[in-house]
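Contents: one structure, followed by commentary.
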Amino acid sequence: MSPSRPHILLIILDTLRRDRLSAYGHNRETSPELDAFAGQATLFERAVAPAQWTIPSHSSMFTGLYPSTHQVTQSSSSLSGSYPALAEILRGEGYHTVAFCNNPLVGVLNNGLQRGFEHFYNYASAAPFRPKEAQRSQLHRTALRFFRRNFARPLGNQFAHSDFLFRMSLNPVFVPLWTRLINYKGHTANSIDDFIEYWQKQRTAAADTPVFAFLNLMGTHLPYTPPQDYVDGVAPGLRHDKHAYSFMRRFNSDAARWASPPDPALADWEQQALVDFYDAEILHQDYHLGRLLRMLKQSGALDHTMVIIAADHGEGHGDHDFFGHSFVVYQELVHVPLVIYDKERFPAGMRVPTNVSTRRIFHTVLEAAEVQPPLDSADPNANVTGLSLRAATQNSQPVEDDLAYSEAFPPLTFLNVVQHQNPALIERLRLNLTRRSVYAGAHKLVTVGNQVEGLFNVSKDPAEVRNIAANHPSEVAMLRRKLDTFVAQAENQRAEAAEFAEVDAGVVDHLRALGYIE
């Protein structure tokens, strides 16, 4: 028996660049499993992440709001109770909510991103929390809960709040220890195994209960240590390149370089080694993702399941003189993959060319679940049907007029790292200023602080190497007006939410009683 409303599976492929996927034209076959699945689904050509790194981007996907509104922009930030999260709303509407998370920033920190999940399994920890833990002895389970509650989680949050501890953890002496001992990237294979077993049991035990499942995979995040077979699969000649392997060992151990501008710049061969190892990580993760997707197909679950596959952001490998994903809104960070499978709502084989924000995953899920959040018409999320990504597949005027925005609030933890290591870079590259971008049609305007940083035709120039702002002053002026209007509206929405929380606490209590807010 199938539930009347669809199961919904949200898969976030953390730190995955769109341009390194063969489904999006990469010259290497890095994603054969995702390619095959995308051929049966709707693929979005111009999906734009609302932010350049994990915490604000996930917060936008879970609330439908841009960072200027939800303000979860730092590792020490926490989601306001004024904003119901996706899992909270679905749980209040009868969905069973479960997460399988490999990212410690989502699964360990006290930032509110775990709100609403009945079960939140976490693989990135010194003591991973897996479904199989229930099979252990009572003493073992008690000891693990005590360790997590009193040591693992508090320690992780201490590093998020302490500049000194965070900088100390990036020392090459300590990086190999914590990346292994605390399972920094989680465990892709275990999380896929557990998800498959859970899904099969859940469909048998509670076949008439719809499920919202969230899966975060961290395989393509640094450090890059793919199995040799996958390195051979993307770069067969690399196996005997001792210089490349030596460089990667040094880079993997120097976490301060992961999100800092390179000074001096890497040599071409060093940058190519990063690309090769990154592509191998994509291929390795794609293998495990394929196991999950085949299970869904072979079990018949796809007949009644919406599957959303996206990235929260990408990664810089020296493009535009930046590494990691901390300070900028270039294409390599915010132009992300997005594939949606739902045979009832999203056409198979369609490629959508319009600009869309991945914050609209929130609205897409609520529409599929037939949920209208308990919000008034003035709320930015009230138009669930119009903001659902299904609207982008139809021949109607897009509700956001082919516009999408990204915001890069500098993460203070990494800004402080640069301040201690090379403070001159902060002023030279304006790292302490907020960067924003607006996409309209083929054009993208980027600002830094109150100044225009560049205008790009991302259709003709996807790598953003030609700044055409000087030749198109009227386009710059028009897009800057749109960006200014967006910021004003986003900040006004935040102010209204704060006023609502302060003045009408009784309504908030009522929503909490209904299960919308914890």
Side-chain angles (χ1 to χ4, degrees), residues 10-21 23-24 26 28 30-31 34 47-61 75 100-109 113 123-124 170 175 179 183-188 191-192 214-226 230 234 248 251-252 254-260 271 273-289 308-320 322-339 358 361 406 408 411 413-414:
L10 173 59
I11 303 174
I12 299 300
L13 305 178
D14 215 287
T15 323
L16 183 63
R17 287 179 60 141
R18 171 194 180 277
D19 63 348
R20 299 289 171 75
L21 294 173
Y24 284 93
H26 189 29
R28 284 174 166 169
T30 55
S31 51
L34 181 57
V48 178
Q52 85 290 11
W53 72 293
T54 297
I55 289 177
S57 185
H58 275 80
S59 297
S60 289
M61 291 185 287
S75 58
F100 299 80
C101 184
N102 287 278
N103 191 321
L105 299 183
V106 179
V108 175
L109 299 187
L113 295 178
Y123 297 80
L170 303 185
V175 173
T179 53
N183 302 295
Y184 175 68
K185 294 174 61 169
H187 198 295
T188 297
S191 62
I192 296 291
F214 165 62
L215 172 66
N216 176 294
L217 300 179
M218 274 275 281
T220 57
H221 197 288
L222 279 160
Y224 303 149
T225 55
Y230 293 89
V234 299
M248 285 306 304
F251 196 90
N252 281 338
D254 191 0
R257 301 182 70 185
W258 296 358
S260 302
Q271 190 167 343
L274 276 176
V275 170
D276 292 341
F277 275 73
Y278 180 78
D279 283 357
E281 291 281 24
I282 296 175
L283 184 62
H284 181 219
Q285 180 173 269
D286 186 72
Y287 162 75
H288 290 292
L289 178 64
I308 303 174
I309 304 176
D312 56 344
H313 57 79
E315 182 79 334
H317 290 138
D319 322 66
H320 302 99
F322 284 91
F323 280 111
H325 44 268
S326 290
F327 301 109
V328 293
V329 288
Y330 286 115
Q331 292 290 80
E332 58 267 21
L333 295 193
V334 299
H335 195 192
V336 294
L338 174 61
V339 172
T358 55
I361 288 173
S406 284
T413 48
F414 275 105

What are the two closest heavy atoms between L217 and S191, and how far apart are they?
CD2-OG, 3.7 Å
Heavy-atom pair with the smallest gap, counting every atom of A51 and S57:
CB-N, 3.8 Å
Run the salt bridge (Lys or Arg N to Asp or Glu O under 4.0 Å) test against D312 and tell me which residues pass, sequence neighbours left out.
none
Main-chain N/O of I282 paired to D286 side chain as donor or acceptor, under 3.5 Å
no
Quick one: salt bridge (Lys or Arg N to Asp or Glu O under 4.0 Å) partners of D19, sequence neighbours excluded?
R17
Quick check against the 3.5 Å criterion: does Q285 have a side-chain atom that pairs as donor or acceptor with the backbone of G219?
yes
Test item: side-chain donor near acceptor, N103 and D14, under 3.5 Å:
yes
Name all residues meeting the salt bridge (Lys or Arg N to Asp or Glu O under 4.0 Å) criterion together with R28; count only those two or more places apart in sequence or in a different chain, and write none if there are none.
D276, D279
I'd like to know if the side chain of E332 reaches the main chain of G316, judged simply by a donor and an acceptor atom lying under 3.5 Å from each other, with no hydrogens or angles considered.
no
Has E281 got a side-chain atom pairing as donor or acceptor with T225's backbone, closer than 3.5 angstrom?
yes
Heavy atoms of L289 and L13 approach each other most closely as CD2-CD1, 4.3 Å
Side chain of Q271, backbone of H317: donor and acceptor closer than 3.5 Å?
yes
Test N183 against Y123 for side-chain contact (heavy atoms from CB on, under 4.5 Å), laying out the working first.
CA-CA 7 Å; N183 302 295; Y123 297 80; over 6 Å; no
Donor on one side chain, acceptor on other, H325 and T15, under 3.5 Å
no
Does the side chain of P104 reach to within under 4.5 Å of the side chain of M218, using non-hydrogen atoms?
yes
Please name the pair of heavy atoms, one in V108 and one in A124, separated by the smallest distance, quoted to 0.1 Å.
CG2-O, 3.3 Å
Residues forming a salt bridge (Lys or Arg N to Asp or Glu O under 4.0 Å) with R20, sequence neighbours excluded:
none
Would you check, one step at a time, whether the test side-chain contact (heavy atoms from CB on, under 4.5 Å) holds for I309 with L338?
CA-CA 6 Å; I309 304 176; L338 174 61; over 6 Å; no
Which atom of L222 lies closest to which atom of Y184, heavy atoms considered
O-CE2, 3.6 Å
Would H335 and Y330 count as a close aromatic pair, with their ring centres under 6.0 Å?
no
Nearest heavy-atom pair of Q52 and P411: which atoms, and what distance?
NE2-CD, 4.0 Å
Donor-acceptor pair, distance only, cut-off 3.5 Å: does the side chain of N102 make one with the backbone of H187?
yes
With sequence neighbours left out, write down each residue that passes ring pair (Phe, Tyr, Trp, His ring centres under 6.0 Å) with F214, or none if nothing qualifies.
H58, F62
Would you say Y287 has more than 12 foreign heavy atoms packed within less than 6.0 Å of its OH?
no
List for me each residue that meets ring pair (Phe, Tyr, Trp, His ring centres under 6.0 Å) alongside F323, sequence neighbours excluded, and say none if there are none.
F251
